[in-house]
Amino acid sequence: MYSTKYHNPASIDAATAALSSGEEAKVLAGGQTLLPTMKQHLAEPSDLVDIRGIAGMADISANGATLTIGAAATHASVADNADVQSLCPALAGLAAHIGDPAVRHMGTIGGSMANNDPAADYPAAALAMNATIVTNSREIAADDFFDGLFATNLEDGEIITAIRFETGAKCGYAKFPNPASRYAMVGVFVAQTGGGVRVAVTGAGDDGVFRHAGLEAALSADWSEGAVAGVDISPGGLLSDFHGDSAYRANLIGVMAKRAVAAS
Amino acid sequence: MSTKIGDRVKRSEDKRFITGAGKYTDDIRQENQAYAAFVRSPYAHANVKGIDASAAEAMDGVIAVLNGAQLTGDGIGNIICGWAVSSKDGSPMNMGAWSALATEKVRYVGDAVAVVIAETDALARLGAEAVEVDYEELPTVVKADKALAEGAPQIHENAPGNQIFDWEIGDQAATDAALATAAHITEVDITNNRLSPNPMEPRAAIATYDAAEEHYTLYTTSQNPHVARLVLSAFYNVAPEHKLRVIAPDVGGGFGAKIYIYPEEITCLWASMKTNRSVKWTSDRSEAFMTDAHGRDHITNARMGFDADGKIVGFKVDTIANVGAYMSLFSSAVPTYLYGTLMSGQYDMPAIHCNVRTAYTNTVPVDAYRGAGRPEATYLIETMMERAAREMAMDPAELRRRNFIQSFPHQTPVILAYDAGDFPKILQMAQESADVAGFATRKAEAASRGMLRGLGYSTFIEACGLAPSAAAGSLGAGVGLWESAEVRMNPVGTIEVLTGSHSHGQGHETTFAQIVADRFDIPIENVKIVHGDTDKVQFGMGTYGSRSAPVGMSAVVKAMDKVEAKIKKIVAHVLEADEADLVIEGGAVSVAGTDKQMLWHEIGLAAYMAHNLPEGMEPGLKETAFFDPVNFSFPSGAFICEVEVDPETGTTEIVQFTSADDFGTIINPMIVEGQVHGGVAQGIGQALLEQVIYDDDGQLLTGSYMDYTMPRADDLPFFTIDHHATPSPNNPLGVKGCGEAGAIGAPPAVINAITDAIGAEGLAMPATPMNVWRAIQAAKSSIAAE
């Protein structure tokens, strides 16, 4: 029989205690990946630790150009937040086009980051803006956070509490959805921030979200749609499936990069 | 308020559907019900060496684990194919055995080998996971052409080389001779992509056995409950018909997939007897993708020859059809008599030859899906016409006009004799609605935005209202193709119509009532349509192949004729009038030119009180009729699709879709338009989005909506719909059927439009963004190479 113990802690300490109590305890945020996986009997966590009731966990705040988004903030709340919309409309737009309304009202930014689905949208924004992933024990730069398909360098028992973005002058995101799932088949986030010009690609890499050096060089020299056209985008290291092979995805990276710049 | 044929009457059934008050099979609760979960093969082809159910049987809540050996041991018969199609050499088709629960061998992923009956659905599923089956994997083949190739894995012992039959229609010698004289030949190699039907309501069954009465009741998601009862009784030996009641309550879409009697219903019935419990099974979506009969899946080479004026001289077709791992009910008829007979399209073709080979593969069975054979024929003909026009540098509409059949009746070289139509007229209507004259301006404007705009036609005909029974029987059909109706006038004057047609989304409760209200000039609210229950309704054939209006309604009309005749005799007798002077109007039967009349309820009371009936007349007022059409009906249409393709991504947007249909008489334009919308949506789905993919090991890669692309609202344009009626001469209402036209006509219109936009031949369905982008790249590199 599949049975799972549900915890609803009010504090981080209670959450970490609950996490260490079970044999295979998992953090539950919006549950948009974990719960369907459990329904299909593909995951059998002994304990579910729901972090949405922890005080402040879903807060979104702005301080100058810095946006801090609580891990349990839903995609809908990010999309609708006035500070996100004014400081980084590309991020608000990204959140507004994740999944469908039901997913957006349950799914959370922390869950998306921790799951690191290779076709998820948020990892592209986090990597392009070199966001800071704040956990209960430390702060991790996005550059050091992602670790391949569905993998991060979060440690056992570590809980993401917030994502901090240093917003910049120009940001843009363009996504080509998979026709069936409407996950990103290719999503490109371009950012011009204090950290320089960075371009992150999701949906396409066979090792998950990645930065594209060629696009970054071209856009550093000339932030324009035209600058993208001359960049050679190799299909090497890109995913191939019947919806889109690596050559098609390589083409889409260029097209989406151009459109992301146009939208910035 | 009287209701007339042609009124846009709102659907009376929708109140219960949109308020959640519909009663579907899964809503049925029986006392003491248990749940079934099937143990399904994870392999596409394997010998079953053993089944160990001990762990499952020991689980709490598991009532029984039953297998195929027990099922066949109890005398449950193998699943039948309803149409015997012989090879051209006269040999019968090579049909392999299909047991509801596989015994020695499994032949596709999802083939059931055992069933677990448990106290709850969850426990049944856990029990099924605990059954251990010892499989010995065998090599697999999933493509029909590979299945027929030398050295392919052998799927059924008695189908050597996996070939079921090698069938032909038409005149090979005459066609070869005609093609030899052709001034131009257009040749194509095309595939018709495999589709999953995806009705909104998945299949379900709940079977109850009454041991004291030795009687079974089955609620199931069927398009034809009487046929289900006949087959369950006569071939699967579940129980004699009078000991078996089959009810198809509200059914949420069928599209063909719910015509057939599947292993699950048979197993639930049998298991209800074995366990003396009601046994319920409801498919989940993953099971539906795995086990619902798929559609299409053809590979075809075809050559169409033209003379110097663009007149077709001959058409030669060579098709391989994938039937899947077993022969489903109509699997033999769909790629033959519903396909080869349509090869003349709307065109006057002097010579046609169509050869079809059918192959077993390690995939789920393939059978009728909305259109069934006719979409495959139409896609072939209509993409070839447009390609031929490009090759001969002719306007595609003009090429069609030169070849249209102009006079009726018209005998085609492939059995069918068309009875009515006006093909130039509907093409002209569609061209005007679509503003074809303004297309060049729109194309230039699109080009200024970097978009490729294209326009494509499809002018098509289909054969609906499958008919006549004797003719179908002579071609191998195992069923009659008539329909039945009983019209009962109650003592209070309300009317109940019992029809053998079955409504699973078509709106029969409205349209069938509409023809009664029109005929007797009584409020439509006073008419009730009863269907879907073998204990209530006389034997009928059910709903598929756009047959409910041309065949089912015709039976209602015949029964109404008899009721009216009796009514007039009663009224003439009571009012001492001449029958010829009676007028049916305003809820009464009146003597013309007088104030003498009998109200509708007075007539009902007179019939049932029987105090004053004509001498010798039996009391009561109900009549039964069976209608067996003398011919098919032939709906035709002209579709024009206009697209914009984004050359950077290959994405296609349908910017305009125009139809001009000839459905004959239209009972309810709102419902007909809804049928066109839904049919075109499914046709666009086939053209742009949908495809079932099995990998080489027979694993289903498109097993969920994460990978199988269903059309969504934002994939579809607003539709422009026109009608022009040439009434069918072969049924009393002049109706032709409208359920399948959209799915039949739309795919070639879409593909022709994209081909026109990108200027590249050979685009395959579905025209996904990647496929279109690749076609554009290939065309660019071939231009560069020149």
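Computed from a predicted structure; not experimentally measured. In what follows, chains are A, B, ... by sequence order, proteins preceding strands, each numbered from 1.
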May I ask you to decide if the ring planes of B:Y705 and B:F289 are parallel, tilted or perpendicular, using 30° and 60° as cut-offs?
->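 B:Y705 and B:F289: perpendicular rings.
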Output the option from B:Q777, B:R125, B:E648 having the highest count of non-hydrogen pairs under 4.5 Å with chain A.
->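 Maximum pair count with chain A is reached by B:E648.
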Select, from B:N771, B:D707, B:T768, B:T651, the one with the greatest count of heavy-atom pairs under 4.5 Å involving chain A.
->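 Counting heavy-atom pairs under 4.5 Å, the top option is B:D707.
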For chain B, which residues from residues 88-116 of chain A lie under 4.5 Å away (heavy-atom distances)?
->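 Under the 4.5 Å heavy-atom cut-off, nothing qualifies.
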Side chains of [X] and [Y] in contact at under 4.5 Å (non-hydrogen atoms):
{"X": "A:C171", "Y": "A:Q192", "value": "no"}
{"X": "A:F189", "Y": "A:D121", "value": "no"}
{"X": "B:V655", "Y": "B:V643", "value": "no"}
{"X": "B:D292", "Y": "B:Y369", "value": "no"}

Taking B:R453 for its side chain and B:E644 for its backbone only, find out whether a donor-acceptor pair lies under 3.5 Å.
->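 Looks like no, no N/O pair under 3.5 Å.
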Between B:T191 and B:N193, is there a donor-acceptor pair closer than 3.5 Å when you use the side chain of the first and the backbone of the second?
->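 No: the side chain of B:T191 does not pair with the backbone of B:N193.
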Is atom CG of B:D695 surrounded by more than 12 heavy atoms (other residues, nucleotides or ligands) closer than 6.0 Å?
->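 Atom CG in B:D695 is crowded, with more than 12 foreign heavy atoms closer than 6.0 Å.
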Residues B:D284, A:K39; criterion salt bridge (charged side-chain N to carboxylate O under 4.0 Å, His left out); working and verdict = CA-CA 12 Å; B:D284 61 27; A:K39 282 183 186 171; over 6 Å; no
Enumerate the residue pairs fulfilling salt bridge (charged side-chain N to carboxylate O under 4.0 Å, His left out) with a member in residues 208-233 of chain A, sequence neighbours excluded, ordered by first and then second residue.
->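 Residue pairs with at least one partner in residues 208-233 of chain A: A:D143-A:R211, A:R211-A:E216.
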Only pairs at least two apart or in different chains count here, so list each salt bridge (charged side-chain N to carboxylate O under 4.0 Å, His left out) that has a residue in residues 237-248 of chain A.
->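 The answer is A:D241-A:R249, A:D245-B:R774.
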Go through the atoms of A:M256 and report whether side chain, backbone, both or neither lie under 4.5 Å from a heavy atom of chain B.
->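 The answer is the side chain of A:M256.
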So what's closer than 4.5 Å to chain B heavy atoms on A:F176: side chain, backbone, both or neither?
->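 Looking at A:F176, just its side chain touches chain B.
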Identify the residues of residues 685-692 of chain B whose heavy atoms come closer than 4.5 Å to a heavy atom of chain A, ordered by number, or report 'none'.
->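 Within residues 685-692 of chain B, near chain A: B:Q691.
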Measure B:T649 against the heavy atoms of chain A and call it side chain, backbone, both or neither at under 4.5 Å.
->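 For B:T649, heavy atoms of backbone and side chain both lie under 4.5 Å from chain A.
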Between B:S704 and chain A, which part of the residue has a heavy atom less than 4.5 Å away: side chain, backbone, both or neither?
->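 Contact with chain A: none, neither part.
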Can you tell me how far the OH atom of A:Y122 sits from the CD1 atom of A:I163, to the nearest 0.5 Å?
->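 That separation rounds to 9.5 Å.
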